[in-house]
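Each chain gets a letter, A, B and so on, in the order its sequence line appears, and its residues count up from 1. Side chains included, hydrogens not; waters and symmetry mates left out as well; all remaining heavy atoms used.
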Amino acid sequence: MSLSLILSQLLNGLQFGVLLFLLAAGLTLVFGIMSFVNLAHGSLYMLGAYFAATAYNHTESFTFAVVAALAGCIVVGMLLERIAVSRLYGRDHLDHVLATFGMMMFFNEMARIIWGVQPYFLPVPEMLSGTVDLLGISYPAYRFAIIVVGLIVAVGAHLLMHKTRLGMLIRAGSVNPQMVGALGVNIKLLNAFLFGLGAALAGLAGVMSGPILSVQVGMGEPVLITTLVVIVIGGIGSVSGAFYAALIVGIVDTMGRAFLPTLLRDMMSREAANAAGPALASMLIYILMAVVLALRPQGLFPARRT
Amino acid sequence: MQTKSSFGLARIVPAIVLLLLAVVPFAASYLEQPFYLTFFGRIIIYAIAATALNLALGYGGLVSLGHSLFMGLGSYSVAIAAFHEVDSGLAHLAITIVVCALVGLVTGAISLRTSGIAFIMITLAFAQMGYFVFVSLKQYGGDDGITIASTSKLAGLDLGNTMTVYVVAFTVLLALLLWMARLRISPFGMVLRGARENARRINAVGLPSKRYQLLAYVMSSVLCGIAGVLLANLNAFASPSTMSWMISGELIVMVVLGGLGSVFGPLLGVLAFLGIEEVLKAYTEHWMAVFGPLIVMVALMGKAGIIGVLEKFDGRRKRGAATATAATAAQPVAQAKESAA
């Protein structure tokens, strides 16, 4: 286990973490303010990737691909909000789970009808196809760019939430939506805007992971579950909690998969390690979540409600 | 919530469904369509699982998105025992009950420390853990699943026979429904339903609501495990995909579709779910594109489900009869008022 290997895996974890943050930020905003459980968030991520791949195939421009993904996801997100989601805000979580479960089925099937079962490929933009030298290791420039974009979005989200009037309304809305509405803020518009923003972030995550993973039907579900783990660990409704938790989960998951099997092989018989290693590695984040919830049911960095 | 009509559609329709399910084996052998036996056998087994989930979800108000874990554990109790050449049905059943009760107790106790969305997520997390454990058990087939060579032998019956497993499953379902009807109005059921509405009040009365909920969760886990045993025998196959969270989601949809917290709702929900799926599949391979929006509509309409619709219909008919008599009685008064004006 050389230091450079550990360092590059750490960077991979960081890169996965910021991708998770993009998804978790949207999910936790919608949950924190409207108390809405959105299982269809993974579908928006998938649609983002498909929109980007389609736009790229037509224009051969990665910039257009990004624009298409963002615009497409905002439109789909706002439409969803208008048609179904806005009618469900006051209802309990079971209705949300049910409705968004149905949406997920719908979007998966629509993607299968429109784009077929063959996976799509979105190439790495030419500008970022090289590697970056970082502390003595060469790291793919594209993955490095993901980390940078993710951090920029995180800073942007922080500024939006804490330095702007809109952010103030969002924070106020998460504590007492009726009161904010009574003060003359169009809370419906605010909700629709937030849902659109969440969808855009999901779309952005979709485009960026397009060149790393293959774009295919059902790609949203595994990452959705991981994202849900992130927001629960971070504390539901807290954007900064989502940021820290996303990094923790990203790094724990990546490092666990990379090093846990070898580590176990040193500790127990080869046969047992071969069986337990991969299982334990893929369970690691769920174990982390169960432990966090058992000790701190409100999450590690709960949103302040005072 | 509960209409007291003794002979409404809400009672008649489930009775007809059960009667038809009892006739299926005869019809299937008469028509020489063994497919029907497997299809309705699957409906019965899912109805057992959905009814079990309803105990936690409907009676207890515990939204568990991880109940497929217990179905999977039940299936693997048969598969792994059979792999090691244990084909006694009693052994399979005992393993399932012990394993599901233990896992249910531990996961339930941890999950119940939280509530709301965190409860949904933590049950989901436990199911995911189970899924990954069985995916990585390469000697038991890994993610390909495992074929069951020798099915459960129970009291002289071989559950490998589709007809036998059908009859056994149907008997289990009948017993379960009877028990659920009794449980619903028993002191235990009352406390459970009370805790769903207002746990603080139940605690204030001096009853530990969490302990009731935990017991309901464990019982529903074990019953789901038994459904898993039957499913493994019907398919002669166990697969980790039984534990995937999509199955948990489908179980929730089935319960809500039929009617949350009612005795016969889950049965009707399963019938509607698998029935619609089968019909849509006959028309298009993209049945989920139609089915998804349907689920969204069910969610938008609220949780009364099919049973709720039937009860509403019963209520309207009864009220219709009542208002008709009231209207004739009120007429002279109205006329008197008019003439006075």
Side-chain angles (χ1 to χ4, degrees), chain A residues 31 35 37 39-40 80 83-85 87-88 91-110 112-113 218 221-222 224-226 228-229 231-233 236 274-295 297-299, chain B residues 57-58 61 63 65 106-107 109-122 124-139 142 244-246 248-250 252-253 255-257 260 284-303:
Chain A
F31 188 86
S35 180
V37 187
L39 293 184
L80 265 190
I83 296 169
V85 172
R87 292 167 212 268
L88 289 165
R91 309 267 280 276
D92 66 29
H93 295 326
L94 183 56
D95 285 328
H96 304 165
V97 168
L98 213 60
T100 51
F101 190 77
M103 289 175 198
M104 203 178 68
M105 274 182 150
F106 174 75
F107 283 121
N108 274 344
E109 206 54 54
M110 285 316 273
R112 204 168 286 142
I113 293 172
E221 274 78 79
L224 168 76
I225 306 272
T226 316
L228 290 171
V229 170
I231 70 163
V232 169
I233 288 180
I236 292 158
N274 281 346
L280 209 56
S282 35
M283 281 162 61
L284 212 51
I285 56 166
Y286 300 104
I287 297 173
L288 182 68
M289 168 171 150
V291 170
V292 167
L293 276 185
L295 299 177
Q298 72 277 35
Chain B
L57 178 67
V63 185
L65 198 51
V106 173
T107 61
I110 298 176
S111 310
L112 274 167
R113 283 178 48 83
T114 64
S115 60
I117 180 71
F119 183 86
I120 303 179
M121 288 302 119
I122 198 163
L124 174 69
F126 283 124
Q128 289 290 101
M129 286 186 210
Y131 174 79
F132 287 120
V133 167
F134 283 94
V135 163
S136 67
L137 287 178
K138 293 281 178 269
Q139 70 266 44
S244 89
W245 74 284
M246 296 296 278
S248 301
E250 284 174 9
I252 291 187
V253 173
V255 173
V256 178
L257 184 63
L260 197 65
T284 165
E285 57 171 316
H286 299 298
W287 60 276
M288 279 208 282
V290 186
F291 202 62
L294 263 172
I295 295 176
V296 177
M297 273 162 63
V298 169
L300 284 174
M301 285 188 305
K303 289 185 288 292

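Residue B/Leu257: no heavy atom, backbone or side chain, is found under 4.5 Å from chain A. Within the 4.5 angstrom heavy-atom criterion, only side-chain atoms of B/Phe126, from C-beta onward, approach chain A. Both the backbone and the side chain of B/Ile122 come within contact range of chain A, each with at least one heavy atom under 4.5 Å from a heavy atom of that chain. In this structure, the portion of B/Val256 lying under 4.5 Å from any heavy atom of chain A is its side chain and not its backbone.
For the set A/Phe107, A/Phe31, A/Phe106, A/Tyr286, the count of heavy-atom pairs under 4.5 angstrom toward chain B peaks at A/Tyr286. Of the listed residues A/Leu39, A/Asp92, A/Ile285, the one with more heavy-atom pairs under 4.5 angstrom with chain B than any other is A/Asp92.
The CE atom of B/Met288 sits 10.0 Å away from atom CD1 of A/Ile113, with the distance rounded to the nearest 0.5 Å. Between the CE atom in A/Met289 and the CD atom in B/Gln128 there is a gap of 9.5 Å [rounded to 0.5 Å]. Taking OG1 of B/Thr114 as the reference point, atom CG of A/Leu293 lies at 6.0 Å (rounded to 0.5 Å).
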Please output the side-chain donor-acceptor pairs of residues 289-300 of chain B that fall under 3.5 Å, not counting sequence neighbours, one pair per line with the distance.
none

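In this structure, B/Glu250 and A/Phe101 approach most closely via the heavy-atom pair N-CZ, 3.8 Å. The shortest heavy-atom contact between A/Leu295 and B/Arg113 is O-NH2, 4.0 Å. Scanning all heavy atoms of the two residues, the minimum distance from A/His93 to B/Ile117 falls at CD2-N, 3.7 Å.
The side-chain contact (heavy atoms from CB on, under 4.5 Å) test with B/Met121 singles out one residue from A/Ile231, A/Val229, A/Ile225, A/Val232, and that residue is A/Val232.
Using a 4.5 Å heavy-atom threshold, the side chains of A/Leu94 and B/Ile120 count as separate. Proximity of A/Leu224 to B/Trp245: side-chain heavy atoms (C-beta onward) are separated by under 4.5 Å at one or more points.
A salt bridge (charged side-chain N to carboxylate O under 4.0 Å, His left out) check over residues 99-110 of chain A, counting only residues at least two apart or in different chains, returns the pairs A/Glu109-A/Arg112.
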